[in-house]
Amino acid sequence: MSLRDLLSARLGAAFATLAGEPVDPLIQRSAHADFQANGALPLARKVQRPAREVAGEVLAAAELTGLATGEVSGPGFINLTVLPDALDRMVAAMAVDERLGVPMTQDPEPVIVDYSGPNVAKEMHVGHLRSTIIGDCLVRVLRFAGHDVTGISHTGDWGTPFGMLLERLVEIGEAAAAHELSVGDLDGFYKAARLRFDSDPAFADRARRRVVLLQGGDAETLRLWRVLVAESQRYFMAVNEKLGVLLTEADYMGESFYNDRLAEVVHELDGLGLLRPSDGAQCVFPAGFTGRDGGPFPMIVRKRDGGFGYSATDLAAIRYRIKELKGSLILYVVGAPQSRHLRMVFAVAGEAGWLRWPVRAQHVAFGSILGEDGRMLKSRAGRAVKLSELLDEAVSRAAALVAEKSPQLDPQERAEIARAVGVGAVKYADLSTDMVKDYVFDLDRMLAFTGDTAGYLQYTHARVCSILRKAGGFTGTPSIVDPAERALALELLAFPDAVQEVADEFQPHKLTGHLRGLAVAFTAFWDACPVLRASPPVRESRLVLCDLTARTLRHGLDLLGIHAPQRM
RNA sequence: GCGCUCGUAGCUCAGUUGGAUAGAGCAGCGGACUUCUAAUCCUCAGGUCGCAGGUUCGAGUCCUGCCGGGCGCACCA
């Protein structure tokens, strides 16, 4: 149990006694003490009594012996100061805990995280960056919290564009196409296919016929299609490797996977009486959605021409994830513009009876990537920044910085550091802000390794490691005395709360914010408290704090998918 | 037109079911390396929290109405 949870439990019991029902003591960090409890104020209003009086009675009833002292302050806050012994004890406990105080969840459940989802034969652009990075972070955090997490990359590997893509493949030959795709010139391939489709009616005809062949299961067409998919996937994995995310080949489940389930889904919806013909299409009209004209808004599961749209695929996917994968919490790490579409998917899945409490589906939405002009950066609207090029650029800039700052390190280690710092910078820039907001894409800011960046955290970690390396070893117990030690200890003990918040709310920036605070507290400690030069008992105590800081930073960064080098 | 979303310091952003004096970073001023990594730290300055009402002991946070930006609104995904 974290320090905050412990205080919350103790005060909560006192609140409950007084109120006769459970009351959240509303514990938070405070500028006026170590923590403050705000719970007395809302309770006072409820029972129509002066808040300071209520706070006083809660404080009197609270069992805080050996843990903290408290006092009523202001309009009815309870300020809490942790006792030195308690702090020592909790830091010591955290120091011997592999999990750094982060509890395993009491209710482990099967969680499915849908993220990344690039399109076959299309470049992974910065738009895929957020989904991949955020999703990867959530997978790591939820897994660490004790859930059974399955990551799925829902790739676009089916649909009408494949007619022209396959014809392009035939046109230039498999070998040439495979080469083009494997070196990562996917946009070039896609654009060439599009150009041929738009400019040559004969090609367009062939492309349309090819779609029919593909959907009809023509063996040769399927073979060619598999070439396209395999080559693209090889490229995705190369980007994943560069990014350092957990996705494996097995996590790729394309839209095509659901092909033979689509008819079944439509049939089931029809059987439930949810399906209605409209303008020749088969539609579900979930309650609460209206179109431009104010009338009911359809989710088209079967198009007028008999084909299935992406709505059908998404319905088949959510059904599969619930009924066959037995997912209990299903997260969609998808851009905010898809918000309504996903709400409709969830609504239809609910009306169909698939999505029922305790099974939940949630859209973990993130904002768009904007260009310098503040407009949305789209792949087909001109020059999209290629993800792999962006990463290469970040790494090479980091390499220049490492070469300048640490020429004494050998080239191989410098290269590893550059990779960790460069890729980390890009990831951190993405994870450290509230993800629902749009995001102005600015290479320079991402790669500035000062301030609130991955580089700052990595550098702090490397500095701690330097002390630990020079110390050799230590065998002490913590004894927290100096204010800087105390501030650092409180930050360390808050790590489990930050991890818990991300696991509950799916907002990685809560963790980056905490790690940043920890790093700041450590540098203040670094300046104020010599470690190696201190006399033995103090030295050992401070080494415990250093070791814990290094492990916490390393583990925290790892949960973000960011590597923390020992040296920089 | 309807819906979703965002609006906080010059810039980029935090701000935890409504809590004490709205906080960081960058940029700017001025300081600190014979001392465990200065990719650092300290100081100063910088605000009508888009606007106007409302709810109450208390509103950046909740409600209503405006203003402004973005996105979405039937067979592309």
Side-chain angles (χ1 to χ4, degrees), chain A residues 24 26-32 36 38 41-42 44-45 50-51 73-77 79 117 119 156 158-161 255 278-283 288-294 297-305 307-314 335-341 343 365 367-368 370 374-376 398 401-402 404-406 421 429 432-434 436-440 442 445 448-453 455-456 458-460 462-471 497 501 505 507 509-510 512-513 516-517 520 523-524 526-534 542 546 567-568:
Chain A
D24 188 338
L26 300 174
I27 304 276
Q28 61 181 219
R29 293 293 294 277
S30 174
H32 306 274
Q36 66 183 61
N38 301 332
L41 291 127
R45 182 187 325 192
S73 171
F77 302 107
N79 287 350
N119 295 308
W158 201 255
T160 47
E255 297 176 325
S278 175
D279 257 341
Q282 294 294 315
C283 305
F289 295 90
T290 54
R292 195 184 286 275
D293 59 2
F297 187 72
M299 166 159 270
I300 296 170
V301 292
R302 185 153 216 174
K303 298 186 286 186
R304 191 184 326 180
D305 65 7
F308 299 101
Y310 77 130
S311 291
T313 307
D314 285 344
Q338 301 254 39
S339 170
R340 185 162 82 151
H341 168 66
R343 281 208 315 276
S368 307
L370 307 179
R375 282 175 34 207
M376 206 168 146
L401 200 58
V402 174
E404 180 198 329
K405 298 285 183 185
S406 306
V421 170
S432 60
T433 64
D434 185 358
V436 77
K437 293 184 179 179
D438 288 351
Y439 172 137
V440 176
D442 185 339
R445 194 176 305 117
F449 303 120
T450 58
D452 189 12
T453 61
Y456 176 82
Q458 289 167 321
Y459 178 61
T460 304
R463 292 211 287 177
V464 193
C465 287
S466 172
I467 291 181
L468 293 169
R469 207 160 38 237
K470 285 177 177 153
D497 301 324
E501 265 187 326
E505 298 168 30
Q507 296 181 344
H509 80 282
K510 306 262 181 179
T512 65
R516 161 86 187 161
V520 168
T523 46
W526 173 288
D527 284 344
C529 303
V531 178
L532 298 176
R533 287 192 308 278
R542 289 180 177 169
C546 288
R567 268 183 265 264
M568 279 176 72

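Letters A, B, ... are given to chains in the order of the sequence lines, protein chains preceding strands, and every chain is numbered from 1.
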May I ask you to say what [X] touches in the nucleic acid, namely base, sugar-phosphate or nothing, with a heavy-atom cut-off under 4.0 Å?
X: A/Asn79; value: base
X: A/Arg340; value: sugar-phosphate
X: A/Gln36; value: base
X: A/His509; value: sugar-phosphate
X: A/Ala336; value: nothing
X: A/Phe297; value: sugar-phosphate

Stepwise side chain to side chain contact (heavy atoms under 4.5 Å, CB included) test for A/Phe308 and A/Val301: CA-CA 6 Å; A/Phe308 299 101; A/Val301 292; over 6 Å; no

Nucleotide-resolved protein contact map, nucleotides 22-40 of chain B, B/S/- at heavy-atom distance under 4.0 Å: ---SS--------SBBSBS

Footprint string (nucleotides 54-63 of chain B, 5' to 3'): B base within contact, S backbone only, - free, heavy atoms under 4.0 Å: ---BB-----

Spacing of the [atom1] atoms in [M] and [N] (rounded, Å):
N: B/rG58; M: B/rC13; atom1: P; result: 34 Å
N: B/rG65; M: B/rC76; atom1: P; result: 36 Å
N: B/rG50; M: B/rC44; atom1: C1'; result: 29 Å
N: B/rG19; M: B/rG31; atom1: C1'; result: 37 Å
N: B/rG18; M: B/rA22; atom1: C1'; result: 14 Å
N: B/rG15; M: B/rG60; atom1: C1'; result: 8 Å
N: B/rG10; M: B/rA27; atom1: C1'; result: 8 Å
N: B/rG30; M: B/rA45; atom1: P; result: 15 Å

For [X] and [N], what is the distance between atoms [atom1] and [atom2] respectively, to the nearest whole Å?
X: A/Asp293; N: B/rC73; atom1: CG; atom2: C1'; value: 10 Å
X: A/Asp24; N: B/rG18; atom1: CG; atom2: P; value: 11 Å
X: A/Tyr439; N: B/rC11; atom1: OH; atom2: P; value: 19 Å
X: A/His341; N: B/rG3; atom1: NE2; atom2: C1'; value: 17 Å
X: A/Arg343; N: B/rG3; atom1: CZ; atom2: C1'; value: 8 Å
X: A/Ile300; N: B/rC76; atom1: CD1; atom2: P; value: 8 Å
X: A/Gln28; N: B/rG18; atom1: CD; atom2: P; value: 12 Å

Donor-acceptor contact present, side-chain A/Asp279 to main-chain A/Ala281, <3.5 Å: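 Looks like no, no N/O pair under 3.5 Å.
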
Side-chain donor or acceptor of A/Asp438 paired with backbone N/O of A/Ser368 under 3.5 Å: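 Yes: the side chain of A/Asp438 pairs with the backbone of A/Ser368.
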
Comparing A/Arg302 and A/Asp438 on RNA chain B - which has the more 5′ nearest nucleotide: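 The 5'-side residue here is A/Asp438.
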
Proximal nucleotide (of B/rC2, B/rA77, B/rG72) relative to the A/Thr290 side chain: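 The answer is B/rC2, which lies nearest to the side chain.
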
Closest to side chain of A/Glu501, choosing from B/rG19, B/rU16, B/rA77: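 Of B/rG19, B/rU16, B/rA77, B/rU16 is nearest to the side chain of A/Glu501.
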
Heavy-atom side-chain proximity of A/Trp526 to A/Ile467 below 4.5 angstrom: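 The answer is yes; the side chains approach within 4.5 Å.
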
Any side-chain heavy-atom pair of A/Pro298 and A/Ser278 under 4.5 Å: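 Contact flag for A/Pro298/A/Ser278 side chains = no.
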
Presence of donor-acceptor pair under 3.5 Å, side chain of A/Ser311 and base of B/rA77: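 Counting by modelled atom types and ignoring angles, no donor-acceptor contact under 3.5 Å is found here.
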
Under-3.5 Å donor-acceptor pair between A/Ser432 side chain and B/rA14 base: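 No pair found.
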
For [X], give me all partners under salt bridge (charged side-chain N to carboxylate O under 4.0 Å, His left out), at least two apart in sequence or on another chain.
X: A/Arg516; result: none
X: A/Arg445; result: A/Asp442
X: A/Arg29; result: A/Glu491

Each nucleotide N or O in nucleotides 5-9 of chain B that has a protein N or O under 3.5 Å away: list the pair and distance.
residue, atom, partner, partner atom, Å
B/rG7, OP1, A/Lys437, NZ, 3.1

Side chain to side chain contact (heavy atoms under 4.5 Å, CB included) partners for [X], two or more places apart:
X: A/Ser311; result: A/Met299, A/His341
X: A/Thr453; result: A/Tyr456
X: A/Asp497; result: A/Ser2, A/Arg4, A/Asp5, A/Ala494
X: A/Ala524; result: none

Ring-on-base stacking B/rG19 with A/Phe77 (under 5.5 Å, under 30°):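 Stack criterion not met.
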
Test side chain to side chain contact (heavy atoms under 4.5 Å, CB included) applied to A/Arg567 and A/Ser406, step by step: CA-CA 9 Å; A/Arg567 268 183 265 264; A/Ser406 306; over 6 Å; no

Contacts of A/Arg302 that satisfy side chain to side chain donor-acceptor pair (under 3.5 Å) - sequence neighbours left out: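 With neighbours one apart ignored, the set is empty.
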
Working for side chain to side chain contact (heavy atoms under 4.5 Å, CB included), residues A/Phe449 and A/Gln458: CA-CA 10 Å; A/Phe449 303 120; A/Gln458 289 167 321; over 6 Å; no

OH-CG distance between A/Tyr439 and A/Asp434, expressed to the nearest 0.5 angstrom: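 These two atoms lie 13.5 Å from each other.
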
Base-paired stems in RNA chain B, each at least three Watson-Crick or G-U pairs under 3.5 Å: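 For RNA chain B the paired stretches long enough to count as stems (3 pairs minimum) are B:1-7 with B:67-73, B:10-13 with B:23-26, B:30-32 with B:40-42, B:50-54 with B:62-66.
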
B/rG15 OP1/OP2 closer than 4.0 Å to side-chain N/O of A/Lys510: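 Yes.
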
